[in-house]
Amino acid sequence: MEYVNPEGLRVDGRRPMEMRQIRAEIGAVSKADGSAIFEMGNTKVIAAVYGPREVQNRSQQMSDQALVRCEYSMANFSTGDRMRKPKGDRRSTEISLVIRQTMEACILTHLMPRSQIDIYVQVLQADGGTRSACINAATLALADAGIPMRDLVTSCSAGYLNSTPLLDLNYVEDSAGGPDVTVGILPKLDKVTLLQMDSKLPVDILENVMQLATEGCKAIANYIREILLENTKQLEYRRGS
């Protein structure tokens, strides 16, 4: 199959270095301390954050930092094939761990000892890049909850198909079996907190693909800052200041 046509356009009409449209909304779950919906193209995820609150299981309590817990799930209606996924399947467990570790790298856990922060993310609609969308949604939800962070952690993927580096793969491109690199960064600190790759790539091509994914992360970080700024302005307006 041709993933990049002779005119240089992809399956969905984007250019190789073009991201899908992103959209976000804060405060989607009223009962949560912080929440957000994040969309990347047709991929749509929701994140809710509870805490910092008292540790439920005393044996897990840490005297010098907060306990971060994360639960990832996919709604049964999120994919076209309506596959019933068993609860606690390996992929969900692995992605929960990836999101938790990525978030722990940015949360200032030492400021909240003996407490716990719970992050729940659910994929409502899946069309490639769910892992990145979940991380971006979780970052917004944490910011909405007022959890102190070193920086906003953002994530984006890039792949390599038809000898072309492609930014932000959709499901069709993702399923092509080509190399796919997911990157998570702390943009202001210029630190990589997540790097996942599912097949081999020559070093020079890997650098190009990684660079592309990093640019995507930075663009998402700028967008998230705009959303947070807009939200702050609205709050100030409501308070009449």
Side-chain angles (χ1 to χ4, degrees), residues 14 17-29 32-51 68 70 72 95 98-109 117-158 167-170 181-196 210-237:
R14 286 183 291 154
M17 310 218 169
E18 198 180 326
M19 273 176 72
R20 291 176 292 179
Q21 202 170 0
I22 50 177
R23 204 185 75 80
E25 185 189 319
I26 292 178
V29 183
D33 294 313
S35 61
I37 286 177
F38 199 90
E39 295 176 34
M40 296 175 82
N42 293 325
T43 292
K44 185 175 187 176
V45 302
I46 187 164
V49 168
Y50 297 85
V68 178
C70 178
Y72 161 94
I95 295 178
V98 166
I99 297 168
R100 179 172 68 80
Q101 289 172 338
T102 307
M103 292 301 146
E104 274 179 337
C106 78
I107 297 172
L108 297 167
T109 51
I117 297 163
D118 293 309
I119 304 167
Y120 296 94
V121 281
Q122 185 170 42
V123 177
L124 302 176
Q125 205 167 285
D127 184 29
T130 49
R131 207 166 297 208
S132 292
C134 286
I135 289 168
N136 298 329
T139 292
L140 262 174
L142 286 166
D144 186 37
I147 306 278
M149 295 187 274
R150 285 184 182 81
D151 194 357
L152 297 168
V153 60
T154 57
S155 176
C156 192
S157 70
L167 178 62
D168 185 23
L169 303 183
N170 64 25
V181 179
T182 301
V183 176
I185 65 163
L186 299 173
K188 276 190 183 161
L189 302 173
D190 217 14
K191 273 190 175 167
V192 173
T193 60
L194 167 70
L195 177 59
Q196 281 196 319
M210 237 191 106
Q211 183 59 41
L212 192 55
T214 305
E215 292 305 318
C217 293
K218 287 177 178 170
I220 290 167
N222 290 337
Y223 176 74
I224 284 179
R225 282 193 199 103
E226 280 171 29
I227 291 280
L228 292 172
L229 192 63
E230 187 55 41
N231 191 54
T232 308
K233 282 179 185 165
Q234 281 178 5
L235 289 174
E236 283 176 350
Y237 177 72

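When the side-chain hydrogen bond (donor to acceptor under 3.5 Å, both in side chains) test is applied to D168, the partners found at least two apart in sequence or on another chain are R20. With sequence neighbours excluded, the residues satisfying side-chain hydrogen bond (donor to acceptor under 3.5 Å, both in side chains) with D118 are R53, R69, Q116. Scanning for side-chain hydrogen bond (donor to acceptor under 3.5 Å, both in side chains) contacts around S157 gives an empty result, with sequence neighbours left out. With sequence neighbours excluded, the residues forming a side-chain hydrogen bond (donor to acceptor under 3.5 Å, both in side chains) with E215 are Q211, listed by chain and number. Applying the side chain to side chain contact (heavy atoms under 4.5 Å, CB included) criterion to N222, with sequence neighbours excluded, gives R225. The side chain to side chain contact (heavy atoms under 4.5 Å, CB included) search around A105 returns T193, not counting sequence neighbours. Evaluation of the ring pair (Phe, Tyr, Trp, His ring centres under 6.0 Å) rule for Y50 yields Y120 as partners, not counting sequence neighbours. Contacts of Q122 classified as side chain to side chain contact (heavy atoms under 4.5 Å, CB included), with partners at least two apart in sequence or in another chain: I46, S73, A75, L124.
T130 is listed as a side-chain neighbour of Y72, based on a closest heavy-atom distance under 4.5 Å. Inter-residue side-chain proximity for M40 and D127 is flagged as unmet; no heavy-atom pair is nearer than 4.5 Å. A 4.5 Å side-chain heavy-atom check between M103 and I119 finds at least one atom pair inside the cut-off. For the pair V45/I37, no side-chain contact is recorded, criterion being any heavy-atom separation below 4.5 Å from C-beta on. N42 has its side chain out of reach of N170: every pair of non-hydrogen atoms, C-beta onward, lies at least 4.5 Å apart. Between D151 and L189 there is a side-chain heavy-atom pair separated by less than 4.5 Å.
Taking CD1 from I220 and OG1 from T154, the interatomic distance works out to 6.0 Å, rounded to the nearest 0.5 Å. Atoms CD and CD, from E230 and Q234 in turn, are 5.0 Å apart once rounded to the nearest 0.5 Å.
Each salt bridge (Lys or Arg N to Asp or Glu O under 4.0 Å) pair with one or both residues in residues 33-50, not counting sequence neighbours, appears once here: R23-E39, E39-K44.
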Under 3.5 Å donor-acceptor pairs involving side-chain atoms of residues 132-144, not counting sequence neighbours:
| from | atom 1 | to | atom 2 | distance (Å) |
| --- | --- | --- | --- | --- |
| S132 | OG | S155 | OG | 2.9 |
| S132 | OG | C156 | N | 3.4 |
| N136 | OD1 | S155 | N | 2.8 |
| N136 | ND2 | S132 | O | 3.1 |
| N136 | ND2 | S155 | O | 3.1 |
| T139 | OG1 | I135 | O | 3.1 |
| T139 | OG1 | V153 | O | 2.5 |
| D144 | OD2 | S35 | N | 3.0 |

